[in-house]
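If you're wondering where the values come from, they're calculated on a predicted model, not measured in any experiment. The basis for the numbers below is simple: all heavy atoms, side chains too, and nothing from hydrogens, waters or symmetry mates.
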Amino acid sequence: MQRVKAVLKARHSFQRLGILSHQRCLSAQPNYDLYDDFEDQVLVEGRAKSRAAILNRPSALNALTASMAARLKRLYESWEENPDIGFVLMKGNGRAFCSGVDTVALHRLLNEGKVYECKRFFETLYKFVYLQGTYLKPHVAILDGITMGCGGGISLPGMFRLVTDKTVFSHPETQLGFHPDAGASFYLSRLPGYLGEYLALTGDKLNGVEMIACGLATHYCLNARLAWIEERLGNLMNDDPAVIDSSLAQYGDLVYPDRSSILRRIDTIDKCFSHDTVEEIIDSLENEAAGAYDDWCKTVLRKMKEASPLSLKVTLRSIREGRFQSLDQCLAREYRISLAWISKSVSNDFTEGVRARLVDKDFAPKWYPASLEEVSKDMVEYYFTPLGELEPELVLPTSLREPYI
């Protein structure tokens with residue numbers, strides 16, 4: 001606790017003295033290679049009345065890079081201004097839609113001391129999410145395959161979200177010592193009951209049917225029928241949302257979660273994850289596990305105990321605050337949290353989590369703090385503290401693009 005109080009005090013002292021402004025100079029010039037227009041990473045298809053953006057890093061499960069985020073933002077801005085384009089579609093090549101941020105690339109940059117490039121990446125990504133969430137034209141996201149982390153952020157705020165029997169959705173950030181971001185605290189907090197807290201804290205997966213059932217997706221079809229839907233959308237000369245809606249539904253299926261679905265446990269989820277603290281949630285799960293006839297509660301407990309204790313507490317507060325905030329407010333808060341993680345001022349959990357799970361793959365992260373009991377209120381508060389004049393907040397065009405409430 002004393003360490004965090006000292007860090008908070010030092011942050012404000014350094015800002016007054018202008019020391020933090022020199023941090024940007026430590027990385028010299030930003031690595032503009034990361035923001036080059038790598039057109040092969042985001043392909044474009046022209047259609048009669050629409051454009052399609054295709055995420056094209058199949059070998060990396062379409063993990064989002066800085067250049068991809070920047071290119072998407074430029075494309076969407078130009079398409080919105082083009083009167084000949086009625087609606088926009090996004091999909092991924094290969095077996096994933098988007099597996100989230102390329103955290104290995106961020107890990108490398110942070111180890112090289114290039115914090116500024118990481119800041120620019122988060123700024124660009126969050127600005128694109130806001131653009132997506134306030135887009136003036138109909139948008140169709142085809143979430144076929146793996147959709148993790150910011151893969152949800154760049155698609156779910158849009159108008160139409162088509163899922164398939166191949167869709168796998170999750171937010172595994174707490175297992176990496178990070179937090180669900182890119183608008184996740186906005187859309188997860190609006191799920192039925194306390195399902196959002198459950199998904200954010202455990203990293204558990206939903207399939208396409210479950211995404212339909214809880215409202216994350218708008219349409220469902222079998223993967224085998226996707227080509228028919230895309231052909232129909234590609235031939236549309238009408239940008240009326242009702243026409244797009246009916247086109248997506250034409251080859252769709254009426255589906256319901258099966259008996260093994262996590263949604264069948266929504267009462268237990270609400271009972272356990274409605275508590276105010278992570279400790280109370282775990283106590284409630286342990287009480288349920290003691291009287292349960294299956295291992296579900298034990299599996300959930302194992303997932304939470306494998307996660308970063310600090311991430312769990314920061315994530316729970318972030319989701320709870322998101323319930324009462326608009327999209328722009330959620331993104332601004334998530335930006336503060338993300339910058340606090342990459343600064344390593346309180347904890348090195350993000351780089352340690354990526355190292356353990358994605359780089360060295362020893363799956364034995366050494367979290368700091370190592371237990372929930374050691375995570376103080378001051379530590380958590382640091383991640384929600386305004387950045388100050390010398391570390392600008394995320395600026396979004398709210399006066400020009402009205403956010404959702």
Side-chain angles (χ1 to χ4, degrees), residues 34-57 62 64-93 96-98 120-121 123-144 147 150-163 182-183 186-187 217-219 226-227 229-248 327-328 331 394-404:
L34 293 170
Y35 294 88
D36 282 348
D37 193 1
F38 294 152
E39 294 185 1
D40 61 332
Q41 293 185 355
V42 179
L43 304 177
V44 174
E45 280 185 4
R47 289 126 184 250
K49 190 66 177 177
S50 64
R51 294 291 183 274
I54 306 169
L55 307 180
N56 189 41
R57 295 185 71 209
N62 296 324
L64 204 69
T65 64
S67 60
M68 292 168 72
R71 178 161 164 77
L72 284 170
K73 184 172 180 291
R74 289 194 297 270
L75 287 172
Y76 273 60
E77 288 172 341
S78 66
W79 291 341
E80 190 176 59
E81 296 172 358
N82 189 335
D84 295 327
I85 298 174
F87 66 97
V88 176
L89 181 145
M90 185 191 294
K91 64 177 183 175
N93 266 343
F97 168 70
C98 176
R120 282 195 61 193
F121 169 66
E123 179 184 5
T124 304
L125 172 60
Y126 295 178
K127 285 183 176 180
F128 175 70
V129 172
Y130 187 72
L131 176 66
Q132 174 74 281
T134 57
Y135 210 57
L136 300 179
K137 295 181 178 181
H139 185 269
V140 178
I142 300 179
L143 309 179
D144 183 46
T147 304
C150 79
I154 63 174
S155 58
L156 296 181
M159 185 176 293
F160 300 111
R161 291 92 64 193
L162 174 68
V163 292
F186 178 77
Y187 55 79
T218 59
H219 295 80
L226 269 182
I229 290 181
E230 287 195 53
E231 182 179 6
R232 181 170 176 81
L233 290 174
N235 292 330
L236 281 184
M237 297 300 294
N238 194 322
D239 59 1
D240 183 348
V243 175
I244 299 172
D245 183 33
S246 64
S247 298
L248 290 169
L327 177 60
D328 64 302
L331 288 169
L394 180 69
V395 178
L396 298 169
T398 53
S399 61
L400 299 175
R401 314 181 68 92
E402 185 175 353
Y404 297 144

Nearest-0.5 Å distance, OH of residue Tyr130 to OG1 of residue Thr398 = 5.5 Å
Would you say Thr218's side chain and Arg161's backbone share a donor-acceptor pair under 3.5 angstrom?
-> yes
Exactly one candidate in Arg71, Gln41, Arg57 meets side chain to side chain donor-acceptor pair (under 3.5 Å) with Thr65; the answer is Gln41
Is it true that a side-chain atom of Asn235 and a backbone atom of Glu231 form a donor plus acceptor pair closer than 3.5 Å?
-> yes
Identify the two heavy atoms, one from Asp84 and one from Lys49, that lie closest to each other, and give their separation to 0.1 Å.
-> O-CD, 3.9 Å
Is the number of heavy atoms from other residues, nucleotides or ligands under 6.0 Å of Lys73 NZ greater than 12?
-> no
For the residue pair Tyr76 and Phe128, categorise the inter-ring angle as parallel (less than 30°), tilted (30 to 60°) or perpendicular (more than 60°).
-> perpendicular
N-O pairing of Glu230 and Arg47 below 4.0 Å = yes
In Å and rounded to the nearest 0.5 Å, what is the NE2 to CD1 distance from His219 to Ile229?
-> 8.5 Å
Among Leu72, Ile142, Leu75, Leu143, find the one that has a side chain to side chain contact (heavy atoms under 4.5 Å, CB included) with Met90.
-> Leu72
Can you measure from CG (Leu125) to NZ (Lys127) and round to the nearest 0.5 angstrom?
-> 12.0 Å
Those residues at least two apart in sequence (or on a different chain) that pass side chain to side chain donor-acceptor pair (under 3.5 Å) with Asn56 are Asn93
Any chance you could measure Leu162, atom CG, to Phe97, atom CZ, to the nearest 0.5 Å?
-> 11.0 Å
Is Tyr135 reaching over with its side chain to a backbone N or O of Glu80, donor-acceptor style, under 3.5 angstrom?
-> yes
